[in-house]
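Each ligand, and each atom within it, is numbered from 1 in the order the structure gives. Positions are given from 1, in the same order as the sequence printed here.
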Amino acid sequence: MTPQAITIAGLRKTYGAKNAVDGLDLTIDEGEVFALLGPNGAGKTTTIEILEGFRKRTSGEVTVLGRDPHDADRDWRTEVGIMLQSTSERSFLSAREALTHASRLYPNPRDVEETLDAVGLTEKANAKPQTLSGGQRRRLDVALAVIGRPRLVFLDEPTTGFDPEARRQFWGLIEGLRGDGTTIMLTTHYLEEAEHLADRIGIVASGKLIALDTPAKLRALASGSIVRWEEDGAPRSESTPTPTALVRELASRHTGEIPELSITKPSLEDVYLDLIGQNTEMATSEGAVA
Ligand SMILES: Nc1ncnc2c1ncn2[C@@H]1O[C@H](COP(=O)(O)OP(=O)(O)OP(=O)(O)O)[C@@H](O)[C@H]1O
């Protein structure tokens, strides 16, 4: 059996009357890349911060690398990489200095120059954080999270503000970490990022886990196809297990071409939106996810 990096059983966190995390059960294997998805306010950051030892839980059991993060020690901290949002923002150190400084805190750190290169900051190595763009500062935050060669890394929305090229580069970095056997738990609002990187995806809504599977199996939850077309000048769409029949019926109503006709398979994003109840296209149709 693969050893478990994270175990969560019956986790709850309440803020007053609000159940931010509402009975979460989840285990993440060592070496797994796990993506936690969910709408704003679903409880992702709260969960991650409890796992990082930064927030107290209301109830439930949690272990991270075999320890309860709430009373873990310094040795545990050296094995867990945490992406603190905007740490680099307040620093007076250049990217290279910040990484060099941080690397001295760990017994077996990554090489500073290699890490700068992996996050695409070599050219900005001597720049002070105030002169970096938001996306570049975030890359530095990612670099600071991995400089200690952690066994487990938490990345909360690591690529928010990245341009497409930086995002691809970040994906390469994560694939490299995966190759080294690092366990990674990340949150993201980018479905294609989760699909590209994650071995498994957990979807949370209102503090509860509503779906948990590989990207391929989640995508397969949606059967059928989405047919889109234009009618009376307005875009229309329908999800259906029998697209040919629908197209035949549309063709009988149109003389000539059906305007803007396309037939696509539902994307992971369609499935996700349907699961969280925000997909008007799929939720109303026969082929919708149960
Ligand atoms: N310190 C706090 N005090 C009171 N309520 C809080 C606190 N932190 C979070 N919450 C509430 O708990 C719920 C979960 O918040 P959380 O930040 O964990 O969500 P999230 O899934 O990370 O959202 P996002 O995608 O917007 O980052 C929200 O309703 C939020 O308003």
Side-chain angles (χ1 to χ4, degrees), residues 6-28 32-64 68-70 80-89 134-135 137-142 144-145 152-162 166-167 170-171 174 183-198 200-213 215 218 267-279:
I6 297 174
T7 65
I8 303 172
L11 180 63
R12 277 178 211 284
K13 174 71 183 178
T14 55
Y15 298 108
K18 168 94 199 163
N19 291 325
V21 182
D22 195 6
L24 195 67
D25 297 304
L26 181 66
T27 57
I28 297 175
E32 184 169 13
V33 178
F34 187 89
L36 198 58
L37 305 182
N40 291 134
K44 303 178 297 296
T45 299
T46 302
T47 302
I48 291 230
E49 291 191 355
I50 289 168
L51 297 174
E52 291 170 340
F54 289 147
R55 258 189 233 212
K56 271 191 182 172
R57 57 192 184 262
T58 305
S59 60
E61 295 305 317
V62 174
T63 66
V64 176
D68 182 337
H70 185 57
V80 177
I82 291 172
M83 181 180 166
L84 293 171
Q85 292 186 9
S86 66
T87 338
S88 55
E89 219 166 282
R137 277 205 293 268
R138 226 165 164 73
R139 295 199 220 177
L140 179 54
D141 290 331
V142 173
L144 287 164
L152 166 67
V153 190
F154 291 108
L155 300 168
D156 196 1
E157 296 186 32
T159 62
T160 299
F162 280 24
R167 184 163 295 128
F170 168 80
W171 292 0
I174 296 298
T183 308
I184 297 163
M185 182 169 188
L186 62 94
T187 70
T188 181
H189 286 291
Y190 301 105
L191 274 292
E192 82 280 15
E193 181 160 286
E195 189 163 25
H196 186 89
L197 292 177
R200 281 189 310 154
I201 292 174
I203 299 175
V204 285
S206 305
K208 292 185 192 322
L209 193 65
I210 57 167
L212 173 68
D213 220 322
L218 283 178
S267 63
L268 183 62
E269 184 153 351
D270 289 313
V271 173
Y272 167 79
L273 290 173
D274 196 57
L275 283 166
I276 64 165
Q278 288 182 9
N279 195 346

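- When distances from atom 10 (N) of ligand 1 to the protein are checked, a heavy atom turns up under 4.0 Å.
- In terms of polar-atom proximity, G41 is counted as a contact of ligand 1, with an N or O under 3.5 Å from an N or O of the ligand.
- Less than 4.0 angstrom separates some heavy atom of E157 from each of these atoms of ligand 1: 25 (O), 27 (O).
- Of the polar atoms of G38, none of the N or O atoms is found under 3.5 Å from an N or O of ligand 1, judged by distance alone.
- Not a single heavy atom of E49 sits closer than 4.0 Å to an atom of ligand 1.
- Near N40, the atoms of ligand 1 lying under 4.0 angstrom from a non-hydrogen atom of the residue are 23 (O), 24 (P), 25 (O), 26 (O).
- If you number the atoms of ligand 1 from 1 as listed, the ones under 4.0 Å from a heavy atom of A42 come out as 19 (O), 20 (P), 21 (O).
- When atom types are taken as modelled, the side chain of T58 and the backbone of T14 share a donor-acceptor pair closer than 3.5 angstrom.
- For K44 (side chain) and V204 (main-chain N/O), no donor-acceptor pair under 3.5 Å exists by modelled atom type.
- Inclusion of T47 in the set of residues having an N or O under 3.5 Å from an N or O of ligand 1 is not warranted.
- Salt bridge status for D213 with R200: absent, with no side-chain N to carboxylate O gap under 4.0 Å.
- Note that atom 14 (C) of ligand 1 has protein non-hydrogen atoms nearby, at separations under 4.0 angstrom.
- With a 4.0 Å cut-off on non-hydrogen atoms, R55 touches ligand 1 through its side chain and not its backbone.
- Taking every heavy atom of both residues into account, E52 and P69 meet most closely at C-CB, 4.3 Å.
- Under the 30°/60° scheme for interplanar angles, the aromatic rings of H196 and W171 are found to lie parallel.
- If you number the atoms of ligand 1 from 1 as listed, the ones under 4.0 Å from a heavy atom of P39 come out as 21 (O).
- Using a distance-only test at 3.5 Å, with no hydrogens or angles considered, no donor-acceptor pair links the side chain of R57 to the main chain of V21.
- Applying the 4.0 Å criterion to heavy atoms of H189 picks out, from ligand 1, the atoms 25 (O).
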